[in-house]
Structures are given as structure tokens and as C-alpha cells.
2 protein chains.
Amino acid sequence: MTTKNARTRGARADGMPAPDAAQLILDTAARLFREQGYASISLRDIAAETGMKAASLYHHFASKDDIVGEVLRIGVERVSEEVRRSVMALPPDADALLLLRTAIHAHLHALLKLQDYTSANVRIFGQVPAHVREAHLGVRDGYEKYWTSLLKRCAAAGQLDPARNLHLVRLFLLPGLNGSLEWFREGRMSLRTVSSELAELLLNGLGVRGDRAREAPALKRTAG
Amino acid sequence: MTTKNARTRGARADGMPAPDAAQLILDTAARLFREQGYASISLRDIAAETGMKAASLYHHFASKDDIVGEVLRIGVERVSEEVRRSVMALPPDADALLLLRTAIHAHLHALLKLQDYTSANVRIFGQVPAHVREAHLGVRDGYEKYWTSLLKRCAAAGQLDPARNLHLVRLFLLPGLNGSLEWFREGRMSLRTVSSELAELLLNGLGVRGDRAREAPALKRTAG
DNA sequence: GTCTATATTTGGATAGAC
DNA sequence: GTCTATCCAAATATAGAC
């Protein structure tokens, strides 16, 4: 897929030196993809924004697919690092609510505040050519498996209802979080408030606690 | 936006007569958009699939934007009708779990089984040109408001925790449901099982019921 | 109402000078 | 390592015959 050594870039930690040209190209591409999606951004756009010409990009990357593949990969890498680091900083006996709140906050923080790469990933994943998307699935898979392991850790502490299907929960949860890209705006609710509310919703549900609203009659009346 | 009378099409009920050319074009476009996304489908593709040539489409629609705008509109219309009809068929005293399960099932049913339009909407909404997306926002808005009203109906019956932010719940819920487009496959779990599980998750939460896991200490240790 | 032919634009990619 | 110039393919859209 890649002819250059682009695979090693973008894994830097925090305060970093002046980026080389390839790094600048990726940063610019990620920002533009986040802002405007995949299809409407041309190599000419990316080049112009970096102060170069389109042909020059080919010295650093083999193709547009190569660039977007890198942006996708780095996006997952960044959110994954953020969530794992935050969870690892918790005490080993952290309860389910603290775990969920921390992981949700870290995911949203990476998505909404930290970097263009993560939000670009969420935004353009469904837009890139099929073979790029398929090549990227393995990278996503690792992150999704991590979330399932997180939920299992909560369950192992005996704090989750064993009736819940944790696989299904994860499938529902991540798109729900990623949807925040469409509606979160600075100023109204803080990210920490949103994270807390969502963690409580996930753990405690929408219903009143106590012994009402437990069971309901079988669903017979609604047509298929 | 539209120069033809396309706005009146696509609102048909159930068993319908042979579709006219414009209807066939829309049906074909919706199916192709659902299968392959927006950017990779050209007017030539749509025309070829209907047995026509690209130029002929312009007799029925003013532009590609016109076609895709119609597909988006019909998609929301269909899912909205499905959910409203299902909920209206419930007894007036239906409890929160039955309401949520019914609405979730109807939404997923429209998305995954019923029509190409709804899934095309979810799939390509983020891919269409900005002005098409913005023109469509008003249509989506009506459906989203309906969901908020549904949640309020549950709350009015005293079955929801008043601490929950219903607006936030809706923002989280709908993308969570729409994500099923990426993972739901026939055969494993039935749609009804998925709907039930998600409704119970939403109402009762992930945690054990009973008086454990209620409160947790404030979040102080995790870095921002 | 559908066709052929074509105008026009745009984007990815390459060749080769500097 | 970046540039200018250009190729080639594909897409929307239009003109006008039938």
C-alpha cells in the first residue's frame, strides 16, 4: 500500500519540534478532511494549504489513498492512546461508574478537543474508497476490542447486570459517542458534564431507580 | 432548489402501481447510494441501472443535487412515518419500556429492512455537498423533535429519572441506533431481540439493579 | 421523453527541469 | 525536494436531433 516510510510518523507524544514536510502534509490533510469531508478535498487543496504544489506531495506519499490511509490510522491511534492512558491512571479498584466516565471523557476529549486526526477519522471513514476503508478495518478493530475489554472489567467487578450483552453495548455506545461531532459546541455544556451524564445514563439508565418499571408485558400489539 | 414537481413523489403507502420514470430513478439512486455511498455513484451509474442514459435524467430532475435531496427527504419521511405509526398503535397507557422498545424497533426496522431511502440517508448524509446537507437539516429536525417528545411522554408518566437530560439522551441515542447499519447482519440476532436489548439498556442501564453502584467519589485523579 | 454528441470542469497522477 | 507543464479519466451538464 505505502511506498514511503510514512508508517512511522504521527506517533509523537506531546510538545514536538517543527514538523517536516510529510508531517505538515498529514496535519493539513487531517484538518481539511475534518472540516470538509473527504470527497471535496483535492490534493491541490492540501498542497495549497501547505504552501506547496500538488505534484510535490508525490515525493512524500504514493497517492491520495496513501495520505488518507495514514490520517485514518493516526486518528485511531491517538484516541486509543488517550483512552488507555486515562484508564491506566485510575486506581486498580476503580468502580464501574468511574471507569466508564473516564473512558468516555477520554474518547470525547480526543475526538472534540485534541486533534484533527480523530475527528477526521470519524467524519470521513464512511466516505473513503472501499479498499481504503477495508484496509483500515483492522486498526479500528483493536480499539473496539479494547472497549469490550473495558466493559468486561466492569462486569468482572460484579457491577454490571449479567443480562446485558456487552458486545451489543459497545456497538451501540461508540457511534453514540462519535455522533457528538455533529452537535457538540463549546460553551453550552462542558465536555466533563457531557461525559458524566452519558456515563450515568449508560450505567443507571433512563428510568427511575427503585422497583418500578421493571417488567412489561410482551410486545404483541405492534405490527412488524 | 427543485424545478420539477419531484416533491410530491415517494410518499406512497404500501402496495403501489408500476412506478413512473422519475420514481424509478429515485428508487435506483437510493439503492445505489445505500450500497456504495454518494461520491462514487455518478449520474451515469444511476441512468445505466434504470436502462437510460445520463442525459435523460435531466428531463426529470434539475441536477444531481436535486436527486440526492429527494432521496434524503424521502428517507426521513419513511422512518418518521414508521415510528409514528407504530407508537400510535400502542395503548395510551403504554409504559416507558414498551414505548422505547416499540420506537426503537420501528426505527431499526425502517433503517435495516424496509427501504433503501432511510439507510441511504444515514449513509450519505455526511457525504453530500454542504448546501444540500444544510437544506436537508430542517427535515431531520422534525424527526428529532419527535423523539424528544417521545422521551418527554415517558418522563411525564413518572417513569424516568428526572436527573436525566432528555435532549442529551436523544443526541446520543439516534447515532447509536443508526450505527447498526454498519454491523447488523441477518441471522445472528433478530431485529426484535436487538431492539429489546437496547430498550432495556436505555431504560435500566448497564449496572446491576438494587442499591449498589449508586454513587461514586468525584473524579479527581484522571488528568484532563 | 430519450437519445447522441459534446462542452466544460476538475482531479489524480506523471515527466522532467531546476 | 519542489517546481511547471501536461496527460488522462471521469463527472456534471447542455444542445439539439428524433
Side-chain angles (χ1 to χ4, degrees), chain A residues 1-6 8-9 17-30 32-33 35-72 124 127-133 135, chain B residues 1-6 8-9 18-29 32-33 35-72 124 127-133 135:
Chain A
M1 230 39 113
T2 311
T3 60
K4 313 289 187 335
N5 62 341
T8 59
R9 280 189 301 266
D20 60 16
Q23 186 65 54
L24 180 62
I25 290 165
L26 287 178
D27 289 350
T28 305
L32 293 178
F33 287 149
E35 291 170 352
Q36 304 182 49
Y38 172 77
S40 69
I41 295 300
S42 68
L43 292 181
R44 286 174 176 80
D45 294 328
I46 298 171
E49 202 78 2
T50 66
M52 302 173 76
K53 297 295 177 179
S56 308
L57 303 188
Y58 285 89
H59 182 75
H60 303 277
F61 297 94
S63 64
K64 187 183 181 184
D65 287 352
D66 192 23
I67 294 177
V68 73
E70 271 296 283
V71 169
L72 289 175
I124 70 175
Q127 307 180 19
V128 300
H131 71 273
V132 175
R133 190 165 54 247
Chain B
M1 228 40 112
T2 311
T3 58
K4 313 290 189 329
N5 61 341
T8 59
R9 280 188 301 267
D20 59 18
Q23 186 66 54
L24 179 62
I25 291 166
L26 287 177
D27 290 349
T28 305
L32 293 177
F33 287 149
E35 290 170 353
Q36 304 183 48
Y38 173 77
S40 70
I41 295 299
S42 68
L43 293 180
R44 283 177 178 80
D45 294 328
I46 298 170
E49 203 78 3
T50 65
M52 302 172 77
K53 298 294 178 181
S56 307
L57 304 187
Y58 287 88
H59 182 74
H60 303 278
F61 298 94
S63 65
K64 187 182 183 185
D65 287 352
D66 192 21
I67 294 177
V68 74
E70 270 297 281
V71 170
L72 289 175
I124 70 174
Q127 307 180 19
V128 300
H131 72 273
V132 176
R133 191 164 52 248

How many Å lie between CD1 on A/I46 and P on C/dA13, as a whole number? 11 Å
Among side-chain atoms of B/H131 and B/D65, is any donor-acceptor pair under 3.5 angstrom? yes
Which heavy atom of B/L57 sits nearest to which heavy atom of B/I25, and what is that distance? CD2-CD1, 3.5 Å
Rounded to whole Å, please give me the gap between CG in B/L43 and C1' in D/dA11. 8 Å
Out of C/dA13, D/dC3, C/dT4, which nucleotide sits closest to the side chain of A/Y58? C/dA13
Given D/dC3, C/dA13, C/dT2, the nucleotide with the shortest approach to the side chain of A/S56: D/dC3
How many whole angstroms separate atom CZ of B/F61 from atom P of D/dA13? 13 Å
If you assign each of A/S40 and B/G51 to its closest nucleotide in DNA chain C, which residue comes earlier from the 5' end? B/G51
Can you tell which of C/dT2, D/dT4, D/dA15 lies closest to the side chain of B/A55? D/dA15
Scanning both residues in full, the closest heavy-atom pair of B/R133 with B/V128 reads NH1-O, 2.9 Å
Whole angstroms only, please: what is the NZ-P distance between A/K64 and C/dG11? 9 Å
Measure from CZ on A/R44 to P on D/dT2 and round the result to the nearest Å. 18 Å
Roughly, in whole Å, what's the span from CG in A/D20 to P in D/dG1? 9 Å
Please tell me which of the listed nucleotides, D/dA11, C/dT4, D/dA5, lies nearest to the side chain of B/S42? D/dA11
In whole angstrom, what separates B/H60's NE2 from D/dA13's C1'? 16 Å
Do we see a donor-acceptor contact under 3.5 Å between the side chains of B/S63 and B/D66? no
C/dG11 P sits how many Å from A/D65 CG, rounded? 16 Å
